[in-house]
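Okay, structure first, notes after.
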Amino acid sequence: MTTDQTKLTELTATNEESPWFERTVRWGQTNLTEMDPVNWDKEFWKDYWKQTKVQGVIINAGGIVAYYPSDQAMQYRAVGLGDTDLFGEFTAEARKAGLVVLARMDINRATQDFYDAHPDWFVVNAKGEPAQSNGRYFSCVNSPYYKEYIPEVLKEIIAKYKPEGFTDNSWTGASRKIICHCGYCKSKFKADADLELPTTANYDDPVYRKWITWSYNCRIENWDLFNAVTQEFGGPDCLWLGMFNADPLRPHTNFCDLKEVGQRSKIIMCDHQTRDNMTGFEQNSLNGYLLHSLAGWDTLIPESMSNYVRGVRTFRQGSNPSKETQLWMLDGIAGGISPWYHHVGALQEDRRQYQNAPPVMQWHEQNEAYLYNRLPVANIGLLWSQENTEFYGRDEVEERVTLPWHGFARAMTRARIPFVPVHADHIAREASKLDVLILPDLAAMTDSQCEAVRTFVESGGSLVFTGVSATLNEWGEVRESFPLQSITGIQHLHKVDGVVGKSSPDWEVYDAHNYLRIPQERHAVFAEFDNTAILPFGGTVHRVETNEQLKAIATYIPSYPIYPPEFSWVREPHTDIPVMFTGEHASGGRLFYFAGDIDRCYGRTHLPDLGDLLAHAVQWAAADKTPVKIQGPGYLDCKLYRQGERLLLHVINLSGTNQTHGYIEEFLPIGPIQISFKVDGWIPQRASLRVSHVEIKPEAKDSWATIQIDSIVSHEFVVLE
């Protein structure tokens, strides 16, 4: 997929001559239940499609449950199907409405009857015991179930209904919790790796690590197989599309290689329905940025967005609070996501959920021309890789990988610093667009990735890195020498101070009650801390030696008792243990090293002091080069784009949502907000506010164009031209 700016001139999404996957930007899904064949209201859904302005729908077809009269004897039919054809009826009505139809599949498990007929097709552990859940047996991705049976189901659906394509949200099969020891896995692993299957999950075992990478490859093989089948029998535009969560740092990604999928797929069907406690609404714009960075900005990325209640408890038929759904949708749109409403069941007693999506979908249609064919404007790259998640994160993904990553992402969102996620394999590809690279404790890196970082810095780029970044090879093994030493002057001693890993909330356990000391001669990152000589920390410090290139700008205060309060006094107020270093490379780039895991601590606690330190470090490394400055109250997620001669800015008001997780009941209006765009000689004539329907004349001065927005309720979208 290309992201050449020359392609971004006219909206191809509205071109009816384009393939469906290039022009279908609003989607709807009613995830059918087994009794929907006797419940569904055809006229209601036809009207709802019109209200939500959808251009495509996802309709349950087959796999775990068939919603059509299948000729495949082993395919289980929905309880209420009888002699009807719900998939066929739904599809016919969608065709009449001019909608694209994707057939939804769910293929990772089957019934007792199916298992009894083909027990060798299903996942078993080392003892030969089958994996089960809710009366269903998990099918093996390497068995004829995936290789032969599912292709026959796909061919049958194509022959009967001719859908534009297929989705499947369980295509990756059983999770990594089970090492399948069926005959097919044994023989395939032996043929591919010349090894016997591992018996236990042990990341120190090279055979287990090989099984991990092999398992990813097995899923991609099936992706290619299914697409070969659908395109052979349904035509070149009949695509098979697995669905997946967009956050590669979460363990439930279940062997989905996002980079490989992004390179293959002509449209990305994302299944990330709501926020969670750690990442918040801002995760959704990050979803869009990350997936577009893999698939290209000319690739559409619809995302399934929940209208039922999710959170501490899930209620499949209860209506999600309307503002909860709407803010998730809006933040996704800000990141380049295409909206896709999602309901469970074709008949709802809680009909409030049908009021959630239409206002956002209608706004999306009205502003469609500004929401596609554009490129992000950002000069900061936040690195990630699934290999680091696997082989550094191991069994502690959240602690080791997720917290540092989201610590930086949240800190920059909070400070309104434009940034983009960059896969560690794509550093060289993206380097010319960036001034700063951030390695958020990106410990496991390949030699080529390390070389790309060195080249970036030697070419004048700036680097912010933390913890044990680049100290492990791609398998998570400790390197003999630090590969970034030549550009940073740092040598790791492989010793730590402070708390390692999760700490106890018990006040009698005080290992995380540590601080950092600010010296009298203060670096610029401490500009806002005039009234304190210490800052709360709560983490780990990695011991290093440095040459003259880097200078320590803060030191470590070891932990001391919290309780009883009479014991809570500083035992060792001064040490020579550095927590942060700064310096410059001979090429002119700036270097900032957090020996203390402040990114992880901020990801865990959201303590503002720590977020400020991360943001100030990035701003310093970037020499205050920024494409936009946004001043005013509130917690905002801001995403800037260029579209031809236009600048486009999404401002999502997340005020209040950055506190304790609950549900959004009211939007908290904020303002006034002053926005200054870096225009460098270009003089824009107007700024259109596409939510409040106001036009503003920008004030141009010193290569900046400035506007003021008096108030923002849920969001604002600025078109500067």
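Please read these numbers as outputs of a predicted model, since none were measured by experiment.
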> Taking only residues two or more places apart in sequence or in another chain, which ones pass ring-ring contact (aromatic ring centres under 6.0 Å, His included) with Phe677?
Replying inline: none

>> I need the full list of ring-ring contact (aromatic ring centres under 6.0 Å, His included) pairs touching residues 539-559, with sequence neighbours left out, sorted by first then second residue.
In response: none

> Residues in salt bridge (charged side-chain N to carboxylate O under 4.0 Å, His left out) with Arg517, at least two apart?
Replying inline: none

All N/O donor-acceptor pairs, side-chain side in residues 607-628, below 3.5 Å, sequence neighbours left out:
from   : atom 1 : to     : atom 2 : distance (Å)
Asp612 : OD1    : Arg414 : NH1    : 2.7
Asp612 : OD1    : Arg414 : NH2    : 3.3
His616 : ND1    : Val525 : O      : 3.0
His616 : ND1    : Asp612 : O      : 3.3
Thr626 : OG1    : Val628 : O      : 2.9

>> Less than 6.0 angstrom from the centroid, inside 45 degrees of the normal: does Arg374 satisfy that with respect to the ring of Tyr641?
In response: yes

>> Pairing donors with acceptors under 3.5 angstrom, does anything connect the side chains of Asn388 and Ser385?
In response: no

>> Regarding Thr466 and Asp599, do their side chains bring together a donor and an acceptor under 3.5 Å, going by distance alone?
In response: yes

>> Using the side chain to side chain donor-acceptor pair (under 3.5 Å) criterion, which residues pair with Glu458? Sequence neighbours excluded.
In response: none

>> Tell me whether Lys551 forms a cation-pi arrangement with Phe581, defined as NZ or CZ under 6.0 Å from the six-membered ring centre and within 45 degrees of its axis.
In response: no

>> For Glu303, give me all partners under side chain to side chain donor-acceptor pair (under 3.5 Å), at least two apart in sequence or on another chain.
In response: Asn284, Asn287, Trp328

>> Once salt bridge (charged side-chain N to carboxylate O under 4.0 Å, His left out) is applied, do any residues pair with Lys629, and if so which ones, sequence neighbours excluded?
In response: none

> Which side chain to side chain donor-acceptor pair (under 3.5 Å) pairs, counting each pair once, include a residue from residues 488-504, with sequence neighbours left out?
Replying inline: Asp497-Arg543

> Sequence neighbours excluded, which residues qualify as ring-ring contact (aromatic ring centres under 6.0 Å, His included) partners of Tyr208?
Replying inline: Tyr203, Trp211

> What pairs with Trp475 under ring-ring contact (aromatic ring centres under 6.0 Å, His included), at least two apart in sequence or on another chain?
Replying inline: Phe391

>> Check for me whether the distance between the ring centres of Tyr593 and Phe465 falls short of 6.0 Å.
In response: yes

> Can you list the residues that meet the ring-ring contact (aromatic ring centres under 6.0 Å, His included) rule with Phe226, with sequence neighbours excluded?
Replying inline: Trp240

>> Once side chain to side chain donor-acceptor pair (under 3.5 Å) is applied, do any residues pair with Arg590, and if so which ones, sequence neighbours excluded?
In response: none

> Are the aromatic ring centres of Trp171 and Phe255 under 6.0 angstrom apart?
Replying inline: no

> Are a donor atom and an acceptor atom from the side chains of Tyr560 and Asn514 found within less than 3.5 Å of each other?
Replying inline: no

>> Assess, by modelled atom type and distance only, whether the side chains of Asn254 and Ser175 contain a donor and an acceptor separated by less than 3.5 Å.
In response: no

>> Assess, by modelled atom type and distance only, whether the side chains of Glu260 and Tyr216 contain a donor and an acceptor separated by less than 3.5 Å.
In response: no

